[in-house]
Structure formats: C-alpha cells, structure tokens
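Accompanying notes for the structure given below.
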Amino acid sequence: MQFCAAAFVKRFFLERSVLQYSPLLIIASSLLLAYKADEFCMVKADNIARTLHQKEEEIVKTEQKVLYALKYEIVVHTPCRIVRVRFAA
C-alpha cells in the first residue's frame, strides 16, 4: 500500500504544484486511491480522515483531482504485490 500511495503522491506533484494543494490532503486521497487500486482490503474514507485529521468530504473530492492528475493510470508495479500473490496461492 505504501509504495502505491507514495507513487501516486510523487506522480501528482510532478504534474501539480505543492503550493496549490495541501500535501496532507493529497497523501490522504492517494492512500484511499491506493487501497482501491490494489484491492487489498477496503478502507473507508472516514477511517483515513480520522487518522490524518482531515475531512472525509475533502478527501473524496481531492481523490478526483488526484485521478485526473495521474491521467487515470493507477497501475503501479511493486514487488510487494507479486510476493503477496505468490504466497496466497
């Protein structure tokens, strides 16, 4: 999860300015998006909002901005996913 979310944050800020968006809000939205993209376990936005002290509505709205900045390319190839699939079988 961390690799995927970190890749989303990095790719977002390659396209957008740090001065325009709150980094903590982008991190929260990227984490939510990483959980959805990896399909590891479903985490709700309110759990992330409580943990990072953000508003749930803001995280969900910012998730769309992150997706747009990533050009809807949410596949991240990480070694963790291969290991998890290999040992699950």
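What you see is a predicted model, and the numbers here were worked out from it, not measured in a lab.
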Checklist entry - To the nearest 0.5 Å, what is the distance between CG (L32) and CD1 (I27)? => result 14.0 Å
Checklist entry - Looking at CD of Q2 and OG of S30, how far apart are the two atoms once the value is rounded to the nearest 0.5 Å? => result 13.5 Å
Checklist entry - Taking side chain as C-beta onward, heavy atoms only, is Q54 less than 4.5 Å from I48? => result no
Next on the checklist: If you define the side chain from C-beta out and look only at heavy atoms, does anything of L31 sit under 4.5 Å from Y35?
Outcome noted: yes
Pairs under 3.5 angstrom only: tabulate donor-acceptor contacts from the side chains of residues 55-70 to other protein residues two or more places apart or in another chain.
| from | atom 1 | to | atom 2 | distance (Å) |
| --- | --- | --- | --- | --- |
| T62 | OG1 | E58 | O | 2.6 |
| E63 | OE1 | K36 | NZ | 3.3 |
| E63 | OE2 | K36 | NZ | 3.1 |

Checklist entry - Who are the side-chain contact (heavy atoms from CB on, under 4.5 Å) partners of T51, not counting sequence neighbours? => result none
Checklist entry - side-chain contact (heavy atoms from CB on, under 4.5 Å) with V75: which residues, sequence neighbours excluded? => result H77
Next on the checklist: Show me the pairs that pass salt bridge (charged side-chain N to carboxylate O under 4.0 Å, His left out) and involve residues 20-35, at least two apart or across chains.
Outcome noted: none
Checklist entry - With sequence neighbours left out, what residues match R50 under salt bridge (charged side-chain N to carboxylate O under 4.0 Å, His left out)? => result D46
Item to check | With E15 via salt bridge (charged side-chain N to carboxylate O under 4.0 Å, His left out) - residues at least two apart | outcome: K71
Checklist entry - Under 4.5 Å between side-chain heavy atoms, hopping through other hydrophobics if needed: is there a path connecting F13 to Y72? => result yes
Item to check | V18-V9 co-clustered via ILVMFWY side chain contacts under 4.5 Å | outcome: yes
Next on the checklist: Going by ring pair (Phe, Tyr, Trp, His ring centres under 6.0 Å), name the residues that satisfy it together with F8, two or more places apart in sequence or in a different chain.
Outcome noted: none
